[in-house]
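Here's the structure we're looking at; comments come further down.
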Amino acid sequence: MHRLGGVGLAAFDRQQQSQRSFAALSTQLSRAQVDTLHAQLDTFRTALTSFATHHRADIRGDPHFRHLFQQMCAAIGVDPLAGPRRGGWWEEALGLGDWQSELGVQIVDVCVSTRERNGGLIEMRELVRLVGRLRGVEGGAVTEDDVVRSIRALKPLGAGYEVVDCGDGRKMVRSVVKELDADQMVVLAIAAKQDGRVDEDLLVRERGWTVDRARAVLENMLLRDGTCWLDDQDGPDGMGRAYWVPAAMEWPDE
Amino acid sequence: MPSLSTYTTPSGFLLPSIHSAAPFFTQQPFETAQSSATDLWTRLILTYARHRRLFVLRVEDTEKTGGDWDEVLRNERINRRMKAGHLEFVLGSMVTKGLAAYEPPDQTRSVLLYWRLPEEWAEVLHEWATNTGQLNTILTFYEITDPPIASELSGLPLPLLRNAIAILAKSGRAQTISIADGDGVRFFARTGR
């Protein structure tokens, strides 16, 4: 009976031979796959670039469209900002790199110029509003989402910019390297609900804190961090002591 | 608590929204906060003074009602007023920055406000003399600060007037002259004399 594999030393040769053929075939196949993939990527890239170029004005000018575009990019796993290298095709196609750096500079501008007043803590909506004013009408609208994204992009600079969540959907941006402890977060959250005002009683009542604890956190914010302003004419007798968080106040004429 | 808002006073002055913020009326213990507040107060005081042509601000203006400064130093809508010590501090800063001068000197409770700097008053003065055809004539100080036809210079306090004349004299555009009933001044075109 003829045996396919044969016997003896020749069998080894044949086996090696077929292994080589398989290897060659495999290489060929993977190359074909890689080629196809390359072709697909090229098509995809062309399509995305043409989409981006086509809608460039919309992406830069319309916050809603920009958000959808960024969502789409995230869904397919690309970051329109990351780009393979600086000045890469993403930036070319979108000019979004410049856009984002420009926004970053404006955020820093607002944070720094209001820092004397608010101790480096600003409410998100207020920041968005002031950045919007800085950009003027031609600059196009900016959303909270854009600001968060820009602040993330600022992170490598080590400037300590951070978005802080105060609960019930309120966010603040901290622009100084200063940790906010849990008690300060509570004060911010309460102040945000009161148009900026807090006092010891309120903290004692709402949180069950001791007077000492309430006083300690408020006085620290007032005297150490500068994130609070004092009002010494509070209450019906005009002698009370209240604390105001400028970051949680809105300044309509600025 | 009402949100902050601007407010137009009975005298027609638009108060900025910071004026409706309670802590604005308290001197801040934190230095950078107070320096920001001082800048805001300074701007507010000078623009209000210009609006109503007020030249003098006294620390005691915080303590009585019915004065010229009530609209600024008080906010009845939120029941706050600026305290004397706070105003004295702000006035001190204004004097340091050359935006006011203690008048009389050697005290810290009353200032002359420079909503126009003495250099600017000098130009206004010279322009007025030129436009009213009073160059080369001797004028009494009274004729300048209380002219028959009201001018920009009406009611200008004497120390400011002297200051402005001294500035013009330096460039040869004015000369003070002693006359029978006090001081007089003669203005010259450009660098005359």
Side-chain angles (χ1 to χ4, degrees), chain A residues 111-123 125-126 129-130 133 175-176 178 190-199 202 215 218-254, chain B residues 1-9 12-44 47-48 51 62-63 65 70 72-90 93 97:
Chain A
C111 287
V112 169
S113 64
T114 57
R115 194 177 286 166
E116 248 195 11
R117 182 176 73 202
N118 59 31
L121 206 56
I122 187 163
E123 218 238 351
R125 275 180 311 169
E126 185 70 357
R129 196 175 66 82
L130 291 177
R133 262 190 33 142
S175 67
V176 282
K178 207 183 281 173
I190 290 180
K193 272 189 254 170
Q194 308 268 336
D195 285 324
R197 186 190 172 281
V198 263
D199 63 22
L202 198 63
R215 179 170 308 154
L218 290 171
E219 290 289 308
N220 267 340
M221 291 176 74
L222 178 69
L223 300 172
R224 188 192 60 195
D225 305 338
T227 44
C228 261
W229 281 36
L230 177 67
D231 169 25
D232 61 10
Q233 302 173 45
D234 193 61
D237 60 351
M239 309 278 278
R241 210 171 153 85
Y243 300 77
W244 289 76
V245 181
M249 298 160 81
E250 279 176 42
W251 310 87
D253 49 351
E254 269 185 29
Chain B
M1 280 287 157
S3 318
L4 305 177
S5 65
T6 57
Y7 177 78
T8 306
T9 68
F13 183 75
L14 182 71
L15 288 167
S17 63
I18 184 80
H19 195 264
S20 59
F24 188 50
F25 292 84
T26 297
Q27 188 170 353
Q28 294 306 311
F30 193 72
E31 201 184 315
T32 54
Q34 182 54 42
S35 103
S36 155
T38 302
D39 288 348
L40 292 165
W41 271 112
T42 301
R43 205 180 318 153
L44 179 57
T47 48
Y48 187 73
H51 167 74
T62 54
E63 276 149 4
T65 48
D70 280 4
V72 164
L73 299 181
R74 297 171 173 269
N75 186 340
E76 303 296 350
R77 286 160 287 125
I78 57 168
N79 207 14
R80 296 289 184 281
R81 66 182 185 89
M82 193 182 204
K83 302 274 182 69
H86 188 192
L87 179 59
E88 192 166 1
F89 178 86
V90 171
S93 150
K97 288 180 186 145

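Each chain gets a letter, A, B and so on, in the order the sequences are listed, and its residues count up from 1.
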What option among A:Met249, A:Glu116, A:Arg224 has the most heavy-atom pairs under 4.5 Å with chain B?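 The option with the most such pairs is A:Glu116.
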Among B:Gln27, B:Glu31, B:Arg81, which residue has the highest count of heavy-atom pairs closer than 4.5 Å to chain A?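 That would be B:Arg81.
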Just by modelled atom types, is the A:Gln233 backbone N or O under 3.5 Å from a matching donor or acceptor in the B:Arg80 side chain?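 Confirmed, B:Arg80 side chain pairs with A:Gln233 backbone.
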Tell me, for A:Asp225 versus chain B, whether the close heavy atoms (under 4.5 Å) come from the side chain, the backbone, both or neither.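 It is the backbone, since no side chain atom gets that close.
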Could you pull out the closest heavy-atom pair between A:Trp229 and B:Gln28, with the gap in Å?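 It is CA-OE1, 3.3 Å.
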On a heavy-atom basis, which atom in B:Thr26 and which in A:Asp231 lie closest, and how many Å separate them?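 Scanning both residues, the minimum pair turns out to be OG1-CA, 3.4 Å.
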What is the distance from atom CZ of B:Phe30 to atom CG of A:Leu230, rounded to the nearest 0.5 Å?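 Here the interatomic distance stands at 13.5 Å.
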